[in-house]
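These values consider heavy atoms only, across backbone and side chains, with no hydrogens, waters or symmetry-generated copies. As the structure is a computational prediction, the values presented were derived from the model and not from experiment. Residue numbering restarts at 1 for every chain, and letters A, B, ... go by the order of the sequence lines.
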Amino acid sequence: MTELLSTFKYQITTRSVDETKKLGKIIGTAVTGGTVLALTGDLGSGKTSFVQGLARGLEVPDDYYITSPSYTLINEYPGRYPLFHVDLYRISDPVDMEDIGLYEILHTSGIVAIEWADRIEQKLLPDSINIHLELKGDKTRKICITAYDVKNADLLKNILRSSP
Amino acid sequence: MQRLSNKNSRCRECSGKNKSEMIILGIETSCDETAASVVVDGKKILSSVISSQIDVHHPYGGVVPELASRKHVEAIAPVVNTALSDAGIDSKALDAVAVTRGPGLVGALLVGFCFAKAFAFALEIPWVGINHLEGHVNSVFLESDPPPFPFVALLASGGHTSIYHVTSHTRYELMGQTRDDAAGEAYDKVAKMLGLGYPGGAAIDRIAKKGAPENISFPRPFIDKSTFDFSFSGLKTAVRRYVQIHSDDYLQRIPDIVAGFQEAVVDVLSYKIIHAAMVKRCDHVAIVGGVAANKRLREKIRHDAEQKKLTVHIPSVELCGDNAAMIAAIGYHYLKNGVVSDLGDDVFSRVKI
């Protein structure tokens, strides 16, 4: 992809599941309605942990467990904005987004976090915050956050500059 | 197509219908299987037909939702017809229809739900939408030695891992559940990581027999021994890390890896359900859901329960996975109490029970 002036890139290493959740929470506290987060990374890299933190930042009540949506495909939680937790793990062929109801939720004012977002053609997704997680050690994860559009880039600049 | 039928039932029509009996057609399409079953009074199975989509899904290593819905549409009418003919009855002999309403994949649920609505409407008989999870808990009542109330139940499948305190056919207290991945999901993901195919549970169960669980000790994800919540995500990650670190020779160690993984899962499931029985002072425990078909889990829980003088109830393997007999079984208890659905009702994808 051509590097645009608006491109924002941020890289961080987390050293525990809690640190990955904390990063999710910081972003969850700041995001606004309609934001799409595209998560990629191997099994066990911390995508669901990140979304668990994101949910807390979005003020999803603590008695909602944020469980893996691998089987259910889409889980919805109430919060400051509704959170749609999507998982495309079990989808290996391109599918029509309408069939799984993704098209519909991308047009709401909720926050949409999509695990295994690389299983869907990037051009089918709206502008998103891309989060790639890599397993580096038992607890260590390298996390790269990028945004290519002005709105998301500005949002991330504001959040991440002011936090550790 | 898997079929289980009671051939004696064919005498039913010649002997005339016993009016005190309630004959229910159960329909289940929440995930991979298209299933229909005829059950009398919530306990006697006249027929149970399951058309599995595993062969269709296998190349994808999981359920493909759009494919699932289309296959359900193709299968539903023949599966229902087979269930009726296996039971030796005509549709006019049915007293009611019970159908899975949720949770599950909405597209898949809608196929069975809409079919059931139309079928019952045409026959002018009542019908009721059923919570799939309640169906699993009630699967033990289709066996010859059902547990007395109250009892504790472990429901472990691809999408759920929960412990319930069950005080009647329709009353449950959720004691604990998974905080991240379900047990069956961990099995499927580990199987996929190691290239063992889908469904992962059966493959791991088979290969684990060739390995020694003590050779590789994975962490037991108890979270906290005093609660009944589960967490299997960390265990999945531990297996992933093991494969990453031993990338040069892990292929030779697969039997030991899966044996070690399985023992960790089984240890936690067994510990928690037995602890739940102790806390609730129940003498009976039930193990239900797809993971209850796992041979090592059945063996381990039976062994551990015996030490504590508990009686274990595990349905036969055909009733562990998704099936329609369990839906008809629980449907009976709702219908008997006058609970029915109406044409305006819809399916739901998620639920808290």
- prompt: Can you say whether B:Lys236 sits under 4.5 Å from chain A via the side chain, the backbone, both, or neither, judging by heavy atoms?
  reply: side chain
- prompt: Between A:Ile74 and B:Val106, is a side-chain contact (heavy atoms from CB on, under 4.5 Å) present by the stated rule, with each step listed?
  reply: CA-CA 10 Å; A:Ile74 299 174; B:Val106 168; over 6 Å; no
query: B:Arg179 versus chain A, heavy atoms under 4.5 Å apart: side chain, backbone, both or neither?
result: both
query: Considering heavy atoms only, which positions within residues 136-143 of chain A lie below 4.5 Å of chain B?
result: A:Lys136, A:Gly137, A:Asp138, A:Arg141
- prompt: Out of curiosity, B:Asp180 CG to A:Thr48 OG1, how far, rounded to the nearest 0.5 Å?
  reply: 7.5 Å
query: Highest number of heavy-atom pairs under 4.5 Å with chain A: which of B:Gln244, B:Arg241, B:Arg240, B:Met193?
result: B:Arg241
message: Counting C-beta onward and ignoring hydrogens, is there a side-chain heavy-atom pair between B:Lys192 and A:Tyr89 closer than 4.5 Å?
response: yes
- prompt: A:Ser70 versus B:Lys189: any side-chain heavy-atom pair under 4.5 Å?
  reply: yes
query: Does a donor on one side chain and an acceptor on the other come within less than 3.5 Å for B:Asp229 and A:Tyr65?
result: yes
- line: Honestly, the part of A:Leu43 sitting under 4.5 Å from a heavy atom of chain B is both
message: Rounded at 0.5 Å granularity, tell me how far SG in B:Cys31 sits from OH in A:Tyr71.
response: 7.0 Å
- prompt: About how many Å separate OG of B:Ser233 and CD of A:Gln52, when rounded to the nearest 0.5 Å?
  reply: 7.5 Å
message: I want to check something: taking the side chain as every heavy atom from C-beta on, are B:Asp181 and A:Thr67 in contact at a cut-off of under 4.5 Å?
response: no
